[in-house]
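First up is the structure itself, then whatever we jot down about it.
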Amino acid sequence: MKVLKSLIYIVLITFFLNSCSEDYLDQPVLIDNVIANFYKTEADANLAVISAYDPLQWEIKEDVYFCEWNIGDICSDDAIKGGENAGDQPYTADIEKFDANSSNELVLMTWKYMYIAIVRCNLVTDNVIDIPVSEFADPATKDRIIAEAKFLRAYYYFRLIKVFGGVPLLTTVHSPYDDYVPRSTTEETWALIEKDLSEAIPHLPLKTDVLLTELGRVTQGAAKAFLVKAYVFQEKWSLAELLANEIILSGEYDLDLSYSNVFSLSAENGIGSIFEIQYMEEGTSDWPSTRGSLISKLQESRSGWGWGMNRPTADLIAEFETGDPRLDATVYSDASGYLGNFNHPKKYVLASADRPNHPTRGPLNIRVFRYADLLLLHAEAAYHNSNEIGARESVNKVRERARGGNSTILPYLTTTTTGNDLLLAIWHERRVELGMEGHRFFDLVRQKRASEVMQAFGETNFVKGIHELFPVPEAEILLSGGVLEQNFGY
Amino acid sequence: MKKALFTTIILLFSVLNLLSQVINISGKVISSTDKTPIPGASITVVGTTIGISTDFNGDYSLTVPQSTEKLMFNFIGMKSQDVLIAGRTIINIELDEELFELEEVVTIGYGVQKKSDLTGSISSISSDDIDKMPVMSIDQAMQGKATGVQITQNSGAPGSNVMIRIRGVGTVNNSNPLYVIDGLATSSMNFLNPSDIKSIEILKDASATAIYGSRGANGVILISTKSGGKGKTEITFDAYTGLQEKWRTLDLMNAFDYATITGKDVNDPQYSTYDTDWQSEIFRLAPVQNYYLSATGGNEESNYSISGGYFQQDGIIIGSDYERITFRINSTHQLNKRLKIGENISFTHDAKNSIPEYSEYASILNHAIAMAPFDPVYNEDGSFSASSTNDVANPIGMVEHTNNLYKSNRVVGNLFAQIELLEGLKFKTDYGIDLSYGDSHVFIPAYDISPDDQNLTNVVIRDSQNWTTWQWENTLTYHKTINKHDINLLVGMTAQDVKYNNVGGSKSNTPTDDPEFWYLDAATEDPVIGGGAWEWSMASYLGRFIYNYNSKYLLTASMRVDGSSKFGTNNKYGYFPSGSLGWKISEEDFFIPIKKYINNMKLRVGYGQIGNQEIGLHAYETLIKGDQNYVLGTNQEMANGSAPFSIGNPNLKWETTQQLSIGLDIFAFENKINLIADYYYKKTKDMLLRTPVPMIFGNVEYPFTNAGEIVNEGIEISFNYRNHFNKVNYDIGFNISKVNNIVNSLGNGGEEIYSGLFRGSYVSITEVGKPIASFYGLETDGIFQNDYEVEEHINSAGAIIQPLAQPGDIRFIDRNDDGEIDIEDNTIIGSPLPDFTYGFNFSADYKFIDLAFFFQGVYGNDIFNGNKYYTEGTGYYNLSSSMNDSWTGEGTSNELPNINGSSNNLRISSRYIEDGSYLRLKNIQLGFTLPKKLLNKFSISHARFYIGASNLFTFTKYEGFDPEIGEGLNPVTKEANYLDIGIDRGSYPQFKTYLLGLNIKF
């Protein structure tokens, strides 16, 4: 009897232990949040969308640089790689010579990190939509955050399409074990970019309505401008001209008075700027996190303790008209250099007095989309729509500002510049106005003259129909189980 | 003070002898085998403290209370006997020799079993083994003594940890064994005082460890601490003191040679004034001391064991030392016929001063070998001198400026109650705790030796950590013997919870560098604070069935179900079954003819599935990571962002190990010979790996999956021979263990895992088809003797492979034949895993003298000798004397490159790989036991003095400081890098120790 009683106690104790164990095996994660508890509030929505902005700043990952100018400038006739020696960024050397194979690290990191960026946008569009509007102080904030994510998604796909052509399109978050998403066509990819930008526009604020503390967030103007660019890349000239005109007429933007001031710290997010990647002055150490840009260090000459990358060519210098003050604002010469010529790009080289704290990183924003760029896109579109007057007008605005009041240089285009000459004049203006800003190679490709120009420049490796695009990473093809198709010619 | 204490104790026990009404009993104690008298045998009155020892002729005379019923006769190496007095006054006794203790009981998980009935593979180390040769930490008591257990010291620094691998390296992740101390599962054992240990059992095969389920895959080390016996109270005092010294220094250049080879003007006073031997500046003769006092005793109802110990050790390198204070109370009480309660409680305080190690950049030893010998330690003004030729910090300055003290306090204990419900049916509940508090005190003073060696503002860094563990176990056991059937049943459940917390901070700029300002509140600038926490928990159910038919056929089957917070939501519970069979062949009728020779023979076969739950705490969760920030606003301020890095895998689970083990135990020739042989095949699958997934799914880190497979296959043999020759008793043992390790898979698309970072290059690789963490680098092919050889070193397409090389540079092999030397030419150039490990021990005693020694060795492993980066480099650092014979012109050397040659000569290559085999006289000891006659006057029952030495001889071809190189540790967090093995980054070497000690028992 006593035994029975004891046994009952034991069974009771066992069941008691059992019942508490069920709970206590669910240990909460301490310190880090888990996904199940995230995407619940306005604050969460903000944290999520900021994480989608974060990749804008990425210049180097896994010891590989993959800035836009690594292709946009260095692959073009505007610049050579530079650096300490051939082994300094060997992957950039390979793509510069159009000798890159599918294991090139630069294309690998571009692919990998643009998709990480896209998934961050998808996390916002997937999850913020489910946060009740009542969670937001201002109901419009919810739509705006989703619109920002869509803009950023379009921006990242834009970077991919320029390098790879049509890519796998993901607009929702996938499990890592889902079936691979095959490549979409170039047209489908452009369609997604257009759709995302178009859907974003109505919910984004005008630049003038953005709070000073929020400066740097995506604006309606930025979304429209990128849509213009998307149209131009697809040669949808009339849509491009129409929308570019809309932006011009809005009065939201204008050219800065002085060209040489465009890249100063004081002109950041100024009237002439449609979209910038924001950087800040660093602390003295890399801990806890770093939010400055390496661009100044990368491009500065050796005598300024820079690393001497991205060196302007004589070909670019020759493009400038005699006396064009933009040359001095674009290129400087320093004989103490490393490899190659003595030319260095000037726009993003920040005096060390302007980045006093951190040995390598500085606060200068990247001018991704300037108003001058938009004007020149407008000119190109107008030209193709046979609106030569409108085209000349936009080009002349750019030349007038560049002239800086000196009437002896950079004369206005007149009616004598017409037909193909006008197109060449627009292209010329684009090259000098936007020199060393990472646009050139992509412009040459969309203008369908990359082969011609690069061959003339001496890049005999360039094969028309192949080297307009870069190879898809071999590693990803393997991981896709062969579903992902390689670009033609690689 | 100490003296007074002992006098008191001695007096106390003398007084206790003079009690009540008495009778006198006398007699002689002789050996049953050779009928010779046994001097020093102890005779005690059971249940009291009364006792005496026999004299030189084996005679004794003892006064006992009239009520005494029984006497107990004891002698080491003999079976003890209880004898009823039954009115006699003369009692002569013959004691039987005890050769191998077949009836010895060993601890198995959640119970005990007769050694002869074991079906699993278990190595035991008893307190006798430990007491015989004092050790500074428990791992040293195990090293080389148990087959299948490889123990490697990670460092010779006092108080440092060891790497223990049981039956090979089972996973690319944490392959440390589980420690169970008096039933409490924990992750370390070095808080224990070795003298407190009664036995160590190492459970090696799956059938033995499966009862520990998801923590059994890497083996289980069960430690039981001493409890009191029934009988006389025994006071034990152990003490030793000794000196430790380095056993080797590297043969480096003196000032003249180094100045000459590096082209300095040897007449310049800068290069000719001093000739500093930096090695002798950092090494020292270091004392070690240990004191241990315990009291044990008990009667039929209760027993107890109380002890205290103090251990202090200085390191052989300046600036390193360790001290440990331990207390322990163990007792059990039979409250009534059915109910028994008890506790084991220990407290440990330790304090360790450490110096930089585990890093090729920071290790003191690397600085000492790299400093130029013509640089002095101190400048004329007494300040530390700066290196005149390179970026090395003055090592004496480094030690001086390192104040890195770690103190900890730890309480580990359990309370239990056991009730016998029916005969043979027992219920036991056991609640244990493990509370550990650690405190790190770091102070870096301000100093300015040179621009490369300075800290301009002093810094205080503090970190307080605590670990809280509780464990509650409830078990029901049933034992029944029906005729020839013997059944043992166990069912139980256990729950455990482990929680960690830390709070730390740093500040700089205290008023002065004096120790009274080494506190955060004394500093004024740059405050940084931080802190974290984690917690995990388990709930488990277990069951075991042990069946024994006629002591001939043995069967064990067990099952454990583990629920763990570490497992993914879809896999909360893991099931770990095992079974084993034993067959005592020697009990069969057909065996009778040879039983005379082979007294006992048992075949064991076991198979089981066990797990490793060390897969991280929340590897299955999708964690939202902060610090994914951007910059916004005209003032350009940080805007916070958060995003997941990888998608969690709710299916994540333990790593699974399946092991088959076959063993044979033989006792032969009157049990004088004992042979144990084991074969095992151990396969680990479902390792926790980050396997690649397509990049379009946007994972910053690849998600964790259970994938991959590693196989360890091995043979273990141990042989012991115990006999006596006239009055010399001796004991010889040899053991050898061989393991083959191979990685069969790293999962789908599993990429090779690089590890072992050394000066920016990975030195180790784990890849399919090779042993884990193999060394990886270029292969060398001698030295270019002339320009012609450089031009002739071409690939199949005719391209010159090293066009920039100069004569005197190393010729590397272009394995992929692409015409250039790069990382793609790397290949496996060695393995840190030994082919086999072995040990040899001998002990003998004759009358009052005993001698014992013990060799331990490993064979066939390689070591990456990182010291060579300095000593056989470019002359930027001081060089090995052998570099006097380095290449200086055609034909001068084909091994040692020109010191003025290309820096490519320093690339990771087979040049750094050396044979790491060694054989070491781990311990040797000579002891003298004082005659009892003399001692009896002081109520001392046993007194022994000994002299001993550790690591007296080491035989190795390895050229670094010491061939014992364990795991690499993160130099800051001191966490092990599991795939960083055998890389010598200026490791703190093992050393020689000379000891003088005594054991006294009252």
Side-chain angles (χ1 to χ4, degrees), chain A residues 3 6-7 10 13-14 17-18 21 24-27 29-35 38 47-54 56-57 111-112 115-116 118-120 122-123 168 170 174-178 180-181 212-217 269 278-281 288-289 291 363 473 475-476 478-480, chain B residues 419 421-422 425 427 429 472 474 476 493 495 497 532-539 541 563-567 569 572 617-618 621-644 646-649 692-700 702-703 749:
Chain A
V3 173
S6 306
L7 270 175
I10 291 163
I13 288 171
T14 309
L17 247 182
N18 196 14
S21 74
Y24 103 160
L25 286 186
D26 292 328
Q27 288 292 348
V29 181
L30 304 177
I31 299 154
D32 282 323
N33 207 343
V34 291
I35 201 158
F38 197 59
L47 288 168
V49 77
I50 292 296
S51 81
Y53 277 91
D54 175 29
L56 291 171
Q57 296 179 331
W111 180 279
K112 179 173 174 179
Y115 272 107
I116 288 171
I118 286 163
V119 167
R120 290 191 174 182
N122 293 343
L123 282 160
L170 292 87
H174 286 244
S175 151
Y177 306 103
D178 279 359
Y180 200 82
V181 180
L212 288 180
T213 54
E214 297 267 276
L215 217 58
R217 279 197 185 252
N269 301 313
Q278 311 288 314
Y279 287 102
M280 68 192 279
E281 174 64 6
S289 64
R291 298 295 153 184
E476 181 76 342
L478 283 173
L479 291 170
S480 76
Chain B
I419 182 161
L421 302 164
L422 288 171
L425 181 66
F427 172 73
T429 184
W472 189 19
N474 292 286
L476 201 56
M493 66 168 312
D497 182 283
W534 48 254
E535 183 170 5
W536 62 269
S537 48
M538 287 185 81
Y541 305 87
S564 172
S565 67
K566 294 180 179 181
F567 303 156
T569 37
K572 269 293 168 214
L617 292 184
H618 292 285
E621 296 269 21
T622 302
L623 299 180
I624 303 295
K625 293 288 190 182
D627 201 26
Q628 310 308 305
N629 301 347
Y630 193 58
V631 174
L632 289 177
T634 39
N635 295 329
Q636 305 214 304
E637 281 164 2
M638 192 86 88
N640 293 323
S642 298
S646 66
I647 302 301
N649 178 354
V693 293
M695 295 175 237
I696 58 165
F697 299 133
N699 293 274
V700 177
Y702 291 133

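In what follows, chains carry the letters A, B, and so on, assigned in the order in which the sequence lines appear, proteins first and then strands, with residues in each chain numbered from 1. Since the model is a prediction, treat every value here as computed from it, not as a measurement.
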Q: Identify which of L47(A), L215(A), N33(A), I116(A) forms the greatest number of heavy-atom pairs closer than 4.5 Å to chain B.
A: L47(A)
**Q.** Options K112(A), H174(A), E476(A), E214(A), ranked by heavy-atom pairs under 4.5 Å with chain B, top entry
**A.** E476(A)
Would you check if [X] and [Y] make a side-chain contact, meaning some heavy-atom pair closer than 4.5 Å?
X       : Y       : result
I35(A)  : I624(B) : yes
K572(B) : D26(A)  : yes
P644(B) : L123(A) : yes
Q278(A) : Q636(B) : yes
V119(A) : F697(B) : no
W111(A) : I696(B) : yes
T622(B) : V34(A)  : no
V29(A)  : W534(B) : no

Q.
For the backbone of G641(B) and the side chain of S51(A), can you confirm whether one donor and one acceptor N or O come within less than 3.5 Å of each other?
A. no
Q: Looking only at non-hydrogen atoms, find the nearest pair between A533(B) and I31(A) and report the distance.
A: N-CD1, 3.4 Å
Q.
For a quick test of reading the model, state the closest non-hydrogen atom pair linking D32(A) to K625(B) and the distance between them.
A. OD2-NZ, 3.2 Å
(Q) Set out, in order, the CA-CA distance, both residues' side-chain angles and the distance that settles side-chain hydrogen bond (donor to acceptor under 3.5 Å, both in side chains) for R120(A) and Q628(B), then state yes or no. (A) CA-CA 10 Å; R120(A) 290 191 174 182; Q628(B) 310 308 305; 3.0 Å; yes
Between [X] and chain A, with a heavy-atom cut-off of 4.5 Å, which part of the residue counts as in contact: side chain, backbone, both or neither?
X       : answer
E535(B) : both
S642(B) : both
N640(B) : both

Distance, nearest 0.5 Å, that separates [atom1] of [X] from [atom2] of [Y]:
X       : Y       : atom1 : atom2 : result
H618(B) : L30(A)  : NE2   : CG    : 6.0 Å
L25(A)  : D497(B) : CG    : CG    : 10.0 Å
R217(A) : Y630(B) : CZ    : OH    : 10.5 Å
N635(B) : E281(A) : CG    : CD    : 13.0 Å

Which atoms of [X] are under 4.5 Å from chain B, going by heavy atoms: the side chain, the backbone, both sets, or neither?
X       : value
P168(A) : side chain
A475(A) : both
Y279(A) : backbone
L212(A) : both
V181(A) : both
L478(A) : neither
D178(A) : both

Q: Please report the C-alpha distance between N649(B) and Y177(A) in whole Å, then the side-chain angles of each, then the deciding distance to 0.1 Å, and finally whether the side chain to side chain contact (heavy atoms under 4.5 Å, CB included) criterion is met.
A: CA-CA 10 Å; N649(B) 178 354; Y177(A) 306 103; 4.0 Å; yes
(Q) The test is side chain to side chain contact (heavy atoms under 4.5 Å, CB included); show your working for S175(A) and I647(B) and say whether it passes. (A) CA-CA 7 Å; S175(A) 151; I647(B) 302 301; 5.6 Å; no
(Q) Determine whether V631(B) and Q57(A) satisfy the following criterion, side chain to side chain contact (heavy atoms under 4.5 Å, CB included), listing intermediate values before the conclusion. (A) CA-CA 9 Å; V631(B) 174; Q57(A) 296 179 331; 3.4 Å; yes
**Q.** Check against side chain to side chain contact (heavy atoms under 4.5 Å, CB included), I50(A) and L632(B)
**A.** CA-CA 10 Å; I50(A) 292 296; L632(B) 289 177; 3.8 Å; yes
